[in-house]
Student: 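Pasting a structure here, questions to come.
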Protein chains: 2
Amino acid sequence: MGISGNLSPEFALLGFLVSGQSHGYDLHQRFTIELGHVWHLSQSQAYAILKRLEQRGDISAHVVEQEKLPARQMLKITAQGRRRFFEWLELGVGANARSIRLEFLTRLYFSQLHRPENIPQIYQSQLDEIEERIESLENLIEHLPPEQTFNRLSLDLRLQQMRLIQNWMAEIRTQFHISKDIG
Amino acid sequence: MGISGNLSPEFALLGFLVSGQSHGYDLHQRFTIELGHVWHLSQSQAYAILKRLEQRGDISAHVVEQEKLPARQMLKITAQGRRRFFEWLELGVGANARSIRLEFLTRLYFSQLHRPENIPQIYQSQLDEIEERIESLENLIEHLPPEQTFNRLSLDLRLQQMRLIQNWMAEIRTQFHISKDIG
DNA sequence: CCTGATATACCCATTGAGTGAGTATATCAG
DNA sequence: CTGATATACTCACTCAATGGGTATATCAGG
(Lines give C-alpha, C1' and ligand atoms only; values in the text may rest on other atoms or scores of the structure.)
Protein backbone atom coordinates (compact mmCIF):
# COMPACT_ATOMS: atom_id res chain seq x y z
CA MET A 1 0.00 0.00 0.00
CA GLY A 2 1.14 3.49 0.80
CA ILE A 3 3.62 4.48 -1.80
CA SER A 4 2.44 2.92 -4.97
CA GLY A 5 -0.72 1.17 -3.79
CA ASN A 6 -2.58 2.71 -6.70
CA LEU A 7 -5.71 2.89 -4.66
CA SER A 8 -7.12 6.21 -5.38
CA PRO A 9 -9.63 5.67 -8.13
CA GLU A 10 -11.22 3.80 -5.27
CA PHE A 11 -11.02 6.78 -2.96
CA ALA A 12 -12.10 9.11 -5.70
CA LEU A 13 -15.34 7.18 -6.11
CA LEU A 14 -15.76 7.25 -2.36
CA GLY A 15 -15.05 10.98 -2.43
CA PHE A 16 -17.88 11.66 -4.86
CA LEU A 17 -20.20 9.75 -2.57
CA VAL A 18 -19.29 12.02 0.33
CA SER A 19 -21.35 14.72 -1.40
CA GLY A 20 -24.43 12.47 -1.52
CA GLN A 21 -25.73 9.16 -2.77
CA SER A 22 -25.39 8.16 -6.39
CA HIS A 23 -25.07 5.16 -8.69
CA GLY A 24 -22.33 3.49 -10.72
CA TYR A 25 -23.07 5.00 -14.07
CA ASP A 26 -23.20 8.54 -12.75
CA LEU A 27 -20.07 8.13 -10.65
CA HIS A 28 -18.14 6.91 -13.63
CA GLN A 29 -19.40 9.85 -15.68
CA ARG A 30 -18.39 12.38 -13.07
CA PHE A 31 -15.04 10.76 -12.63
CA THR A 32 -14.38 10.90 -16.36
CA ILE A 33 -15.38 14.53 -16.69
CA GLU A 34 -13.64 15.83 -13.59
CA LEU A 35 -10.52 13.67 -13.47
CA GLY A 36 -10.45 11.99 -16.87
CA HIS A 37 -7.07 13.49 -17.75
CA VAL A 38 -5.68 12.54 -14.38
CA TRP A 39 -6.63 8.87 -14.52
CA HIS A 40 -8.37 6.66 -16.99
CA LEU A 41 -11.00 4.52 -15.38
CA SER A 42 -13.06 2.20 -17.55
CA GLN A 43 -16.69 1.67 -16.78
CA SER A 44 -16.26 -1.97 -15.88
CA GLN A 45 -13.34 -1.10 -13.66
CA ALA A 46 -15.51 1.46 -11.88
CA TYR A 47 -18.18 -1.13 -11.22
CA ALA A 48 -15.57 -3.60 -10.00
CA ILE A 49 -14.22 -1.07 -7.52
CA LEU A 50 -17.68 -0.17 -6.29
CA LYS A 51 -18.44 -3.83 -5.69
CA ARG A 52 -15.28 -4.15 -3.66
CA LEU A 53 -16.13 -1.06 -1.64
CA GLU A 54 -19.51 -2.56 -0.89
CA GLN A 55 -17.98 -5.85 0.22
CA ARG A 56 -15.71 -3.97 2.58
CA GLY A 57 -18.58 -2.05 4.05
CA ASP A 58 -17.43 1.36 2.83
CA ILE A 59 -20.61 1.86 0.86
CA SER A 60 -24.08 0.34 1.00
CA ALA A 61 -26.30 -0.37 -1.96
CA HIS A 62 -30.01 -0.69 -2.46
CA VAL A 63 -31.91 -1.35 -5.63
CA VAL A 64 -34.13 1.39 -7.00
CA GLU A 65 -36.64 0.26 -9.64
CA GLN A 66 -37.15 2.71 -12.45
CA GLU A 67 -40.27 3.09 -14.55
CA LYS A 68 -38.62 2.66 -17.90
CA LEU A 69 -34.89 2.15 -17.56
CA PRO A 70 -33.27 -0.82 -15.84
CA ALA A 71 -33.06 -0.75 -12.05
CA ARG A 72 -30.31 1.21 -10.37
CA GLN A 73 -28.08 0.32 -7.48
CA MET A 74 -28.24 3.44 -5.35
CA LEU A 75 -24.99 3.76 -3.42
CA LYS A 76 -24.44 5.50 -0.10
CA ILE A 77 -21.23 5.98 1.77
CA THR A 78 -21.23 4.38 5.23
CA ALA A 79 -19.75 5.84 8.40
CA GLN A 80 -16.79 3.52 7.96
CA GLY A 81 -16.35 4.59 4.35
CA ARG A 82 -16.44 8.22 5.32
CA ARG A 83 -13.81 7.62 7.97
CA ARG A 84 -11.58 5.71 5.56
CA PHE A 85 -11.94 8.46 2.98
CA PHE A 86 -10.94 11.27 5.30
CA GLU A 87 -8.05 9.25 6.62
CA TRP A 88 -6.83 8.76 3.07
CA LEU A 89 -7.25 12.45 2.38
CA GLU A 90 -4.57 13.29 4.93
CA LEU A 91 -2.06 10.62 4.04
CA GLY A 92 1.09 11.29 2.06
CA VAL A 93 1.15 9.69 -1.37
CA GLY A 94 4.85 8.90 -1.44
CA ALA A 95 7.24 10.42 -3.89
CA ASN A 96 7.28 8.85 -7.25
CA ALA A 97 6.29 10.82 -10.28
CA ARG A 98 3.31 8.71 -11.13
CA SER A 99 1.65 8.69 -7.77
CA ILE A 100 2.08 12.42 -7.44
CA ARG A 101 0.37 13.11 -10.70
CA LEU A 102 -2.39 10.67 -9.94
CA GLU A 103 -2.89 10.47 -6.23
CA PHE A 104 -1.73 13.84 -5.08
CA LEU A 105 -3.88 15.66 -7.64
CA THR A 106 -6.86 13.54 -6.70
CA ARG A 107 -6.31 14.30 -3.06
CA LEU A 108 -6.03 17.97 -3.83
CA TYR A 109 -9.27 17.83 -5.80
CA PHE A 110 -11.20 16.30 -2.94
CA SER A 111 -9.53 18.48 -0.37
CA GLN A 112 -10.79 21.48 -2.25
CA LEU A 113 -14.26 19.97 -2.33
CA HIS A 114 -14.54 18.70 1.21
CA ARG A 115 -11.72 20.17 3.34
CA PRO A 116 -10.29 23.30 1.73
CA GLU A 117 -8.79 24.45 5.03
CA ASN A 118 -6.45 21.44 5.00
CA ILE A 119 -4.85 22.21 1.66
CA PRO A 120 -1.78 24.03 3.03
CA GLN A 121 -0.96 21.14 5.33
CA ILE A 122 -1.40 18.49 2.64
CA TYR A 123 0.59 20.56 0.23
CA GLN A 124 3.46 21.01 2.62
CA SER A 125 3.75 17.38 3.62
CA GLN A 126 3.79 16.37 -0.04
CA LEU A 127 6.53 18.87 -0.75
CA ASP A 128 8.54 17.57 2.19
CA GLU A 129 8.28 14.05 0.87
CA ILE A 130 9.49 15.20 -2.53
CA GLU A 131 12.47 16.98 -1.05
CA GLU A 132 13.43 13.97 1.01
CA ARG A 133 13.16 11.82 -2.06
CA ILE A 134 15.45 14.16 -3.98
CA GLU A 135 18.10 13.87 -1.32
CA SER A 136 17.82 10.12 -1.17
CA LEU A 137 18.12 9.86 -4.95
CA GLU A 138 21.16 12.13 -4.98
CA ASN A 139 22.67 9.87 -2.39
CA LEU A 140 21.89 6.69 -4.27
CA ILE A 141 23.39 8.07 -7.47
CA GLU A 142 26.51 9.19 -5.71
CA HIS A 143 27.16 5.71 -4.35
CA LEU A 144 26.29 3.83 -7.50
CA PRO A 145 29.25 2.01 -9.09
CA PRO A 146 30.13 3.83 -12.32
CA GLU A 147 29.75 0.75 -14.52
CA GLN A 148 26.02 0.58 -13.74
CA THR A 149 25.07 2.58 -16.81
CA PHE A 150 21.42 1.68 -17.02
CA ASN A 151 20.66 1.86 -13.34
CA ARG A 152 22.34 5.26 -13.38
CA LEU A 153 20.29 6.48 -16.33
CA SER A 154 17.14 5.38 -14.59
CA LEU A 155 18.05 7.07 -11.33
CA ASP A 156 19.13 10.21 -13.16
CA LEU A 157 15.80 10.46 -14.87
CA ARG A 158 13.95 9.91 -11.62
CA LEU A 159 15.95 12.61 -9.94
CA GLN A 160 15.32 15.08 -12.72
CA GLN A 161 11.65 14.22 -12.63
CA MET A 162 11.51 14.90 -8.92
CA ARG A 163 13.12 18.29 -9.43
CA LEU A 164 10.62 19.03 -12.15
CA ILE A 165 7.79 18.12 -9.83
CA GLN A 166 9.27 20.36 -7.18
CA ASN A 167 8.86 23.28 -9.58
CA TRP A 168 5.42 22.18 -10.63
CA MET A 169 4.46 22.16 -6.98
CA ALA A 170 5.45 25.82 -6.84
CA GLU A 171 2.90 26.52 -9.56
CA ILE A 172 0.28 24.79 -7.48
CA ARG A 173 1.23 26.96 -4.53
CA THR A 174 0.42 29.99 -6.59
CA GLN A 175 -2.80 28.66 -8.05
CA PHE A 176 -4.17 27.62 -4.70
CA HIS A 177 -2.93 30.70 -2.85
CA ILE A 178 -0.94 28.72 -0.33
CA SER A 179 1.27 30.89 1.82
CA LYS A 180 4.92 29.98 2.24
CA ASP A 181 5.23 29.88 6.01
CA ILE A 182 3.46 26.63 6.90
CA GLY A 183 4.77 23.60 8.81
CA MET B 1 -0.70 -4.00 -25.37
CA GLY B 2 1.98 -1.88 -26.99
CA ILE B 3 1.89 1.41 -25.21
CA SER B 4 1.56 0.54 -21.57
CA GLY B 5 1.39 -3.22 -21.71
CA ASN B 6 4.01 -3.36 -18.98
CA LEU B 7 5.40 -6.48 -20.48
CA SER B 8 9.06 -6.00 -20.35
CA PRO B 9 10.22 -7.69 -17.19
CA GLU B 10 9.01 -10.64 -19.22
CA PHE B 11 11.15 -9.72 -22.18
CA ALA B 12 14.07 -8.90 -19.96
CA LEU B 13 14.06 -12.42 -18.59
CA LEU B 14 13.81 -13.69 -22.13
CA GLY B 15 16.67 -11.41 -23.09
CA PHE B 16 18.98 -12.89 -20.48
CA LEU B 17 18.18 -16.32 -21.83
CA VAL B 18 19.28 -15.26 -25.31
CA SER B 19 22.85 -15.37 -23.98
CA GLY B 20 22.46 -18.97 -22.83
CA GLN B 21 20.42 -21.27 -20.61
CA SER B 22 19.90 -20.50 -16.97
CA HIS B 23 17.48 -20.99 -14.09
CA GLY B 24 14.99 -18.88 -12.17
CA TYR B 25 17.11 -17.96 -9.24
CA ASP B 26 20.03 -16.82 -11.34
CA LEU B 27 17.84 -14.89 -13.75
CA HIS B 28 16.26 -13.01 -10.91
CA GLN B 29 19.69 -12.23 -9.46
CA ARG B 30 21.00 -10.92 -12.73
CA PHE B 31 17.90 -8.88 -13.30
CA THR B 32 18.22 -7.30 -9.88
CA ILE B 33 21.89 -6.45 -10.28
CA GLU B 34 21.70 -5.16 -13.84
CA LEU B 35 18.31 -3.49 -13.90
CA GLY B 36 17.32 -3.31 -10.25
CA HIS B 37 17.07 0.47 -10.31
CA VAL B 38 15.09 0.39 -13.49
CA TRP B 39 12.40 -2.03 -12.33
CA HIS B 40 11.73 -3.90 -9.15
CA LEU B 41 10.96 -7.53 -9.77
CA SER B 42 10.27 -9.75 -6.81
CA GLN B 43 11.47 -13.29 -6.85
CA SER B 44 8.01 -14.79 -6.89
CA GLN B 45 7.01 -12.48 -9.71
CA ALA B 46 10.04 -13.65 -11.68
CA TYR B 47 9.03 -17.27 -11.23
CA ALA B 48 5.47 -16.47 -12.22
CA ILE B 49 6.62 -14.82 -15.43
CA LEU B 50 8.94 -17.69 -16.27
CA LYS B 51 6.08 -20.12 -15.83
CA ARG B 52 3.95 -18.11 -18.21
CA LEU B 53 6.77 -17.96 -20.74
CA GLU B 54 7.05 -21.71 -20.56
CA GLN B 55 3.33 -22.19 -21.07
CA ARG B 56 3.49 -20.00 -24.15
CA GLY B 57 6.37 -21.97 -25.56
CA ASP B 58 8.88 -19.13 -25.40
CA ILE B 59 11.14 -21.12 -23.14
CA SER B 60 11.54 -24.80 -22.34
CA ALA B 61 12.43 -26.26 -18.97
CA HIS B 62 14.04 -29.44 -17.83
CA VAL B 63 14.86 -30.56 -14.34
CA VAL B 64 18.49 -30.90 -13.35
CA GLU B 65 19.10 -32.86 -10.17
CA GLN B 66 21.85 -31.48 -7.97
CA GLU B 67 24.01 -33.41 -5.56
CA LYS B 68 23.25 -31.34 -2.50
CA LEU B 69 20.94 -28.46 -3.30
CA PRO B 70 17.36 -28.87 -4.49
CA ALA B 71 16.80 -29.60 -8.16
CA ARG B 72 16.90 -26.82 -10.67
CA GLN B 73 14.65 -26.04 -13.59
CA MET B 74 17.10 -25.33 -16.36
CA LEU B 75 15.52 -22.90 -18.81
CA LYS B 76 16.30 -22.51 -22.48
CA ILE B 77 14.86 -20.01 -24.89
CA THR B 78 13.04 -21.63 -27.82
CA ALA B 79 13.13 -20.52 -31.45
CA GLN B 80 9.73 -18.92 -30.92
CA GLY B 81 10.91 -17.13 -27.81
CA ARG B 82 13.94 -15.82 -29.59
CA ARG B 83 11.77 -14.52 -32.41
CA ARG B 84 9.37 -12.84 -30.00
CA PHE B 85 12.25 -11.27 -28.13
CA PHE B 86 13.85 -9.72 -31.19
CA GLU B 87 10.50 -8.49 -32.42
CA TRP B 88 9.96 -6.77 -29.09
CA LEU B 89 13.44 -5.28 -29.26
CA GLU B 90 12.49 -3.26 -32.31
CA LEU B 91 9.09 -2.08 -31.18
CA GLY B 92 8.38 1.43 -29.93
CA VAL B 93 7.44 1.64 -26.28
CA GLY B 94 4.96 4.49 -26.55
CA ALA B 95 5.43 7.84 -24.93
CA ASN B 96 4.55 8.00 -21.34
CA ALA B 97 7.17 8.80 -18.77
CA ARG B 98 6.94 5.52 -16.97
CA SER B 99 7.24 3.24 -19.96
CA ILE B 100 10.18 5.20 -21.27
CA ARG B 101 12.10 4.87 -18.06
CA LEU B 102 11.22 1.22 -17.77
CA GLU B 103 10.77 -0.25 -21.20
CA PHE B 104 12.95 1.97 -23.29
CA LEU B 105 15.92 1.60 -20.96
CA THR B 106 15.43 -2.14 -20.89
CA ARG B 107 15.30 -2.26 -24.65
CA LEU B 108 18.42 -0.17 -24.86
CA TYR B 109 20.16 -2.50 -22.44
CA PHE B 110 19.41 -5.57 -24.48
CA SER B 111 20.09 -3.82 -27.75
CA GLN B 112 23.56 -3.07 -26.49
CA LEU B 113 23.99 -6.70 -25.50
CA HIS B 114 22.53 -8.40 -28.54
CA ARG B 115 22.10 -5.87 -31.36
CA PRO B 116 24.29 -2.82 -30.81
CA GLU B 117 24.07 -1.87 -34.47
CA ASN B 118 20.34 -1.20 -34.07
CA ILE B 119 20.68 1.37 -31.33
CA PRO B 120 20.53 4.46 -33.53
CA GLN B 121 17.32 3.30 -35.16
CA ILE B 122 15.64 2.41 -31.87
CA TYR B 123 16.78 5.67 -30.37
CA GLN B 124 15.40 7.72 -33.20
CA SER B 125 12.00 6.08 -33.30
CA GLN B 126 11.65 6.59 -29.56
CA LEU B 127 12.55 10.24 -29.92
CA ASP B 128 10.02 10.64 -32.71
CA GLU B 129 7.31 9.19 -30.53
CA ILE B 130 8.20 11.59 -27.74
CA GLU B 131 8.04 14.57 -30.04
CA GLU B 132 4.68 13.51 -31.40
CA ARG B 133 3.42 13.11 -27.88
CA ILE B 134 4.58 16.60 -26.97
CA GLU B 135 2.63 18.07 -29.86
CA SER B 136 -0.47 16.13 -29.01
CA LEU B 137 -0.29 17.22 -25.38
CA GLU B 138 0.17 20.84 -26.37
CA ASN B 139 -2.89 20.49 -28.50
CA LEU B 140 -4.97 18.87 -25.78
CA ILE B 141 -4.04 21.59 -23.30
CA GLU B 142 -4.87 24.32 -25.74
CA HIS B 143 -8.37 22.98 -26.24
CA LEU B 144 -9.11 22.22 -22.61
CA PRO B 145 -11.88 24.34 -21.07
CA PRO B 146 -10.27 26.73 -18.57
CA GLU B 147 -12.39 25.57 -15.61
CA GLN B 148 -10.83 22.09 -15.77
CA THR B 149 -8.17 22.93 -13.19
CA PHE B 150 -7.13 19.44 -12.24
CA ASN B 151 -7.16 17.95 -15.68
CA ARG B 152 -5.06 20.91 -16.76
CA LEU B 153 -2.56 20.45 -13.96
CA SER B 154 -2.21 16.81 -14.87
CA LEU B 155 -1.71 17.52 -18.56
CA ASP B 156 0.74 20.32 -17.77
CA LEU B 157 2.83 18.00 -15.69
CA ARG B 158 2.80 15.35 -18.37
CA LEU B 159 3.89 17.85 -20.97
CA GLN B 160 6.74 19.12 -18.83
CA GLN B 161 7.78 15.54 -18.15
CA MET B 162 7.88 14.79 -21.84
CA ARG B 163 10.07 17.83 -22.45
CA LEU B 164 12.35 16.69 -19.68
CA ILE B 165 12.60 13.27 -21.23
CA GLN B 166 13.41 14.87 -24.56
CA ASN B 167 16.47 16.44 -22.93
CA TRP B 168 17.35 13.27 -21.12
CA MET B 169 17.31 11.50 -24.47
CA ALA B 170 19.92 13.96 -25.66
CA GLU B 171 22.18 12.80 -22.85
CA ILE B 172 21.68 9.24 -24.00
CA ARG B 173 22.65 10.27 -27.51
CA THR B 174 25.95 11.47 -26.17
CA GLN B 175 26.61 8.49 -23.95
CA PHE B 176 25.90 5.99 -26.69
CA HIS B 177 27.64 7.98 -29.41
CA ILE B 178 24.61 8.13 -31.64
CA SER B 179 25.08 10.46 -34.57
CA LYS B 180 22.44 13.07 -35.29
CA ASP B 181 21.70 12.33 -38.94
CA ILE B 182 19.64 9.13 -38.73
CA GLY B 183 16.14 8.44 -40.00
C1' DC C 1 28.84 -28.57 18.86
C1' DC C 2 25.27 -25.65 18.10
C1' DT C 3 23.04 -21.62 16.42
C1' DG C 4 21.83 -18.15 13.40
C1' DA C 5 22.73 -15.61 9.30
C1' DT C 6 22.98 -16.02 4.47
C1' DA C 7 22.56 -18.23 0.02
C1' DT C 8 20.33 -21.43 -3.11
C1' DA C 9 15.98 -22.75 -5.24
C1' DC C 10 11.25 -22.69 -5.79
C1' DC C 11 5.87 -22.58 -4.93
C1' DC C 12 1.26 -20.96 -3.63
C1' DA C 13 -2.69 -18.22 -2.32
C1' DT C 14 -4.80 -14.02 -2.62
C1' DT C 15 -5.85 -9.45 -4.03
C1' DG C 16 -6.14 -6.30 -7.37
C1' DA C 17 -5.75 -4.01 -12.17
C1' DG C 18 -7.68 -3.80 -16.48
C1' DT C 19 -9.83 -5.07 -20.82
C1' DG C 20 -13.37 -6.54 -23.82
C1' DA C 21 -17.41 -8.10 -24.56
C1' DG C 22 -22.18 -8.85 -23.62
C1' DT C 23 -27.19 -7.58 -22.00
C1' DA C 24 -31.05 -4.57 -21.89
C1' DT C 25 -33.95 -0.65 -22.64
C1' DA C 26 -35.04 4.24 -24.11
C1' DT C 27 -34.69 8.32 -26.90
C1' DC C 28 -34.21 10.91 -30.85
C1' DA C 29 -32.74 12.28 -35.52
C1' DG C 30 -33.05 11.40 -40.32
C1' DC D 1 -38.17 2.26 -39.24
C1' DT D 2 -33.48 2.30 -38.59
C1' DG D 3 -29.33 3.33 -36.42
C1' DA D 4 -26.76 6.15 -33.26
C1' DT D 5 -26.38 7.44 -28.59
C1' DA D 6 -27.37 7.27 -23.69
C1' DT D 7 -28.60 4.72 -19.55
C1' DA D 8 -27.27 0.95 -16.51
C1' DC D 9 -24.90 -2.93 -15.32
C1' DT D 10 -22.54 -7.87 -15.54
C1' DC D 11 -19.20 -11.48 -16.68
C1' DA D 12 -15.11 -13.85 -17.98
C1' DC D 13 -10.52 -13.59 -18.44
C1' DT D 14 -5.56 -12.37 -18.12
C1' DC D 15 -1.92 -10.28 -15.85
C1' DA D 16 0.45 -7.74 -11.86
C1' DA D 17 2.26 -8.06 -7.39
C1' DT D 18 2.79 -9.08 -2.65
C1' DG D 19 3.65 -11.87 1.12
C1' DG D 20 4.23 -15.55 2.76
C1' DG D 21 5.87 -20.66 2.92
C1' DT D 22 9.18 -24.79 1.89
C1' DA D 23 13.51 -26.90 1.66
C1' DT D 24 18.55 -27.56 1.94
C1' DA D 25 23.51 -25.99 2.38
C1' DT D 26 27.37 -23.27 3.99
C1' DC D 27 29.94 -20.83 7.15
C1' DA D 28 31.19 -17.84 11.07
C1' DG D 29 31.02 -17.02 16.06
C1' DG D 30 30.36 -18.43 20.66
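Labels below follow one simple rule: chain letters A, B, ... track the order of the sequence lines, proteins then strands, and each chain is numbered from 1.
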Student: Polar atoms only, N or O, under 3.5 Å: list the protein pairs with nucleotides 19-22 of chain C and their distances.
Tutor:
| unit_1 | atom_1 | unit_2 | atom_2 | d |
| --- | --- | --- | --- | --- |
| C:dG20 | O6 | A:Ser44 | OG | 2.9 |

Student: Is the ring pair B:Trp88/B:Phe85 parallel, tilted or perpendicular, if the boundaries are 30 and 60 degrees?
Tutor: tilted
Student: Would you indicate, yes or no, if C:dC10 has its OP1 or OP2 atom less than 4.0 angstrom from a side-chain nitrogen or oxygen of B:Tyr47?
Tutor: yes
Student: If you only use heavy atoms from C-beta on, which nucleotide in D:dC11, D:dC9, D:dC15 is closest to the side chain of B:Arg56?
Tutor: D:dC15
Student: Would you kindly give the CD-to-P distance between B:Glu10 and D:dT14, to the nearest whole Å?
Tutor: 14 Å
Student: Can you name the nearest heavy-atom pair linking B:Glu10 to B:Ile49, along with the distance?
Tutor: CA-CG2, 3.7 Å
Student: Can you list every pair that meets ring-ring contact (aromatic ring centres under 6.0 Å, His included) and has a residue in residues 135-154 of chain B, with sequence neighbours left out?
Tutor: A:Tyr109-B:Phe150, A:Phe176-B:Phe150
Student: C:dT14 P sits how many Å from A:Gln55 CD, rounded?
Tutor: 15 Å
Student: Using Watson-Crick pairs (N1 to N3, plus N6-O4 or O6-N4) and G-U wobble pairs, both distances under 3.5 Å, which stems of at least 3 pairs involve DNA chain C?
Tutor: C:1-30 with D:1-30
Student: Starting the side chain at C-beta, find the nucleotide from C:dA17, D:dC9, C:dC10 nearest to A:Arg72.
Tutor: D:dC9
Student: What is the distance from NZ of A:Lys51 to P of C:dG16, rounded to the nearest Å?
Tutor: 14 Å
Student: Can you list everything that forms a ring-ring contact (aromatic ring centres under 6.0 Å, His included) with A:Phe16? Sequence neighbours excluded, please.
Tutor: A:Phe110
Student: What residues, two or more places apart in sequence or in another chain, satisfy side-chain hydrogen bond (donor to acceptor under 3.5 Å, both in side chains) together with B:Asp156?
Tutor: none
Student: Return the value, rounded to whole Å, for the distance between atom CG of A:Leu53 and atom P of C:dT15.
Tutor: 15 Å
Student: Consider the side chain of B:Tyr25, meaning its heavy atoms from C-beta on, and name the nucleotide among C:dC12, C:dC10, D:dT7 that approaches it most closely.
Tutor: C:dC10
Student: Run the side-chain contact (heavy atoms from CB on, under 4.5 Å) check on B:Ile172 and B:Phe104 step by step: do they pass?
Tutor: CA-CA 11 Å; B:Ile172 289 188; B:Phe104 175 67; 4.0 Å; yes
Student: Using whole Å, what does the distance between atom P of nucleotide D:dC15 and atom CG of B:Asp58 come to?
Tutor: 12 Å
Student: Can you give me the closest heavy-atom contact between A:Met162 and A:Ile130, atom names plus distance?
Tutor: O-CG2, 3.9 Å
Student: B:Gln166 and B:Glu131: which non-hydrogen atoms are nearest, and at how many Å?
Tutor: NE2-OE2, 3.1 Å
Student: Atom CG of B:Leu50 and atom C1' of C:dC12: how far apart are they, to the nearest Å?
Tutor: 16 Å
Student: Just N and O in the side chain of B:Arg52: are any of them under 4.0 Å from OP1 or OP2 of D:dT14?
Tutor: no
Student: Take atom NE2 of B:His23 and atom P of C:dC10, then tell me their distance rounded to the nearest Å.
Tutor: 6 Å
Student: With sequence neighbours excluded, give me every salt bridge (Lys or Arg N to Asp or Glu O under 4.0 Å) pair touching residues 26-51 of chain B.
Tutor: B:Asp26-B:Arg30
Student: Rounded to the nearest Å, what distance is computed from the CD1 atom of residue B:Ile49 to the P atom of nucleotide C:dC12?
Tutor: 17 Å
